[in-house]
Protein chains: 2
Amino acid sequence: MTDNSTTMTIGEVAARTGLSVHTLRFYEREGILADPVRRDAGGRRVYTENDIEWLNLCVILRTSGMPVPEIRRYTELARQGDGTEGERLALLREHHARVTAQIGDLHRCLDLITYKIGIYEDFFDEAEREHAGALTP
Amino acid sequence: MTDNSTTMTIGEVAARTGLSVHTLRFYEREGILADPVRRDAGGRRVYTENDIEWLNLCVILRTSGMPVPEIRRYTELARQGDGTEGERLALLREHHARVTAQIGDLHRCLDLITYKIGIYEDFFDEAEREHAGALTP
DNA sequence: CTAGGAGCTCGACTCGACTCTAGATCAAGC
DNA sequence: GCTTGATCTAGAGTCGAGTCGAGCTCCTAG
């Protein structure tokens with residue numbers, strides 16, 4: 001049960017999202033926070049569970065390579081609310097395709113790397129066999 | 001049969017590797033070419049099939065996220081030749097692990113993105129059903 | 001012989017995404 | 001009241017990986 005009314009300081013949010021406080025402020029400047037962060041009497045940022053959730057989504061999007069401007073676009077759409085679902089869906093689908101493609105690329109790279117590793121391993125196996133004076137017919 | 005003695009200009013290499021001529025010169029400065037590129041009488045670079053092969057490996061390593069300095073390290077070891085196989089193998093294994101981990105990360109991101117897409121799709125399905133005045137019991 | 005297209009070097013610039021600094025403010029504990 | 005540690009803002013700096021430009025040279029086709 002995530003209590004929707006408990007609030008956090010920027011430091012706590014940093015701890016919970018894995019982002020640095022610098023990055024949190026940076027993201028806010030870049031306009032990728034769901035709603036403008038509230039402030040307490042002293043002017044410091046006050047975050048809610050909602051913000052954490054949104055930030056976690058942002059982290060996922062960034063980790064999977066979505067550029068900041070595109071996250072901003074998504075955020076703007078979400079802020080606008082009703083009527084933007086189509087564009088949001090399109091944006092996510094596009095990203096989905098890119099990530100899928102990238103995974104494919106990485107797999108192809110991995111195959112070659114695995115192959116190269118195999119060559120080196122063979123090299124050492126061979127050396128060992130010779131060292132042991134094995135009986136290769 | 002790749003003729004090992006045919007040579008190419010930088011432009012041809014660019015066409016064949018997908019790298020720009022700028023990038024080819026940049027890679028050379030960065031020391032990630034197997035051997036110092038030969039030059040013709042006029043001082044222009046002369047590439048061989050070997051260079052192409054090496055560059056293709058570099059492209060794979062870069063695509064899979066190996067930083068340039070690490071490729072340089074690998075290149076240096078390869079240049080030194082005998083006795084460095086162990087370190088080369090270690091380096092490749094490390095990279096293999098990183099790439100594998102990254103693929104895992106991307107899969108995790110993809111799952112969440114897929115989930116989000118599902119939510120939007122449900123939203124539209126629902127809207128459509130209502131529009132059609134369906135008989136949901 | 002000359003025009004145009006590649007190439008050359010060196011150094012500067014870009015871009016994206018942070019990351020850090022300075023100098024001020026604030027809140028809480030002693 | 002004072003200190004200490006967290007926050008604040010605005011703006012500058014960093015880092016990686018290219019990317020580009022200026023000014024020059026060189027080959028080749030017409």
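In the text below, chain A, chain B and the rest are named by the order of the sequence lines, each starting its count at 1. All figures in this text were calculated on a predicted structure; none of them were measured in a lab.
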Can you give me every donor-acceptor pair (side chain of residues 36-45 of chain A, partner residue at least two apart or in another chain, under 3.5 Å) with its distance?
{"from": "A/Arg39", "atom 1": "NH1", "to": "A/Gly43", "atom 2": "O", "distance (Å)": "2.9"}
{"from": "A/Asp40", "atom 1": "OD1", "to": "A/Gly42", "atom 2": "N", "distance (Å)": "2.9"}
{"from": "A/Asp40", "atom 1": "OD1", "to": "A/Gly43", "atom 2": "N", "distance (Å)": "3.0"}
{"from": "A/Asp40", "atom 1": "OD1", "to": "A/Arg44", "atom 2": "N", "distance (Å)": "2.9"}
{"from": "A/Arg45", "atom 1": "NE", "to": "A/Glu28", "atom 2": "OE1", "distance (Å)": "2.5"}

For residues 87-95 of chain B, run the donor-acceptor check on the side chains, cut-off 3.5 Å, and write out each pair with its distance to 0.1 Å, sequence neighbours left out.
{"from": "B/Glu87", "atom 1": "OE1", "to": "B/Arg73", "atom 2": "NH2", "distance (Å)": "3.2"}
{"from": "B/Glu87", "atom 1": "OE2", "to": "B/Arg73", "atom 2": "NE", "distance (Å)": "3.2"}
{"from": "B/Glu87", "atom 1": "OE2", "to": "B/Arg73", "atom 2": "NH2", "distance (Å)": "2.5"}
{"from": "B/Arg88", "atom 1": "NE", "to": "B/Thr84", "atom 2": "OG1", "distance (Å)": "3.0"}
{"from": "B/Arg88", "atom 1": "NH1", "to": "A/Tyr120", "atom 2": "OH", "distance (Å)": "3.0"}
{"from": "B/Arg88", "atom 1": "NH2", "to": "B/Gly81", "atom 2": "O", "distance (Å)": "3.1"}
{"from": "B/Arg88", "atom 1": "NH2", "to": "B/Thr84", "atom 2": "OG1", "distance (Å)": "2.9"}
{"from": "B/Arg93", "atom 1": "NH2", "to": "A/Glu121", "atom 2": "OE2", "distance (Å)": "2.7"}
{"from": "B/His95", "atom 1": "ND1", "to": "B/Arg98", "atom 2": "NH2", "distance (Å)": "3.1"}
{"from": "B/His95", "atom 1": "NE2", "to": "B/Ser64", "atom 2": "OG", "distance (Å)": "2.8"}

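Under the rule for a side chain to side chain contact (heavy atoms under 4.5 Å, CB included), the partners of B/Arg108 that lie at least two apart in sequence or sit in another chain are B/Asp105. For B/Thr75, there are no side-chain hydrogen bond (donor to acceptor under 3.5 Å, both in side chains) partners two or more places apart in sequence or in a different chain. Taking the side-chain hydrogen bond (donor to acceptor under 3.5 Å, both in side chains) definition, one finds that A/Thr63 meets it with nothing, sequence neighbours left out. Here A/Thr7 pairs with A/Val46 under the side chain to side chain contact (heavy atoms under 4.5 Å, CB included) rule; sequence neighbours left out. For A/Val13, the side chain to side chain contact (heavy atoms under 4.5 Å, CB included) test picks out A/Met8, A/Thr17, A/Leu24, A/Tyr47, A/Ile52, A/Leu55, with sequence neighbours left out. Not counting sequence neighbours, the partners of B/Thr9 by the side chain to side chain contact (heavy atoms under 4.5 Å, CB included) test are B/Glu12.
Other cluster members for A/Tyr115: A/Ile119, joined by side-chain heavy-atom distances under 4.5 Å among Ile, Leu, Val, Met, Phe, Trp and Tyr.
Nucleic acid contact for B/Arg45: sugar-phosphate only, since backbone atoms but no base atoms lie under 4.0 Å from a heavy atom of the residue.
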Below 3.5 Å is the cut-off: list the nitrogen or oxygen pairs between protein and nucleotides 22-27 of chain D, distance only.
{"from": "D/dC26", "atom 1": "O2", "to": "B/Arg44", "atom 2": "NH2", "distance (Å)": "3.4"}

Give each protein N/O atom lying under 3.5 Å from an N/O atom of nucleotides 11-18 of chain D, with the pair distance.
{"from": "D/dA17", "atom 1": "OP1", "to": "B/Arg62", "atom 2": "NH1", "distance (Å)": "3.4"}
{"from": "D/dA17", "atom 1": "OP2", "to": "B/Val68", "atom 2": "N", "distance (Å)": "3.4"}
{"from": "D/dG18", "atom 1": "OP2", "to": "B/Tyr27", "atom 2": "OH", "distance (Å)": "3.0"}
{"from": "D/dG18", "atom 1": "OP2", "to": "B/Arg62", "atom 2": "NE", "distance (Å)": "2.8"}

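Judged purely by atom type and a 3.5 angstrom limit, B/Trp54 uses its side chain to pair as donor or acceptor with the backbone of B/Ile32.
For the OP1/OP2 pair of D/dA6 and a distance below 4.0 Å, the side-chain nitrogens and oxygens of A/Thr9 include no atom meeting the criterion.
When each of B/His22 and A/Glu12 is assigned the nucleotide of DNA chain D with its nearest heavy atom, A/Glu12 is the one assigned upstream, toward the 5' end.
When DNA chain C is scanned in the 5' to 3' direction for atoms under 4.0 Å from non-hydrogen atoms of chain B, the outermost contacting nucleotides are C/dA6 to C/dT9.
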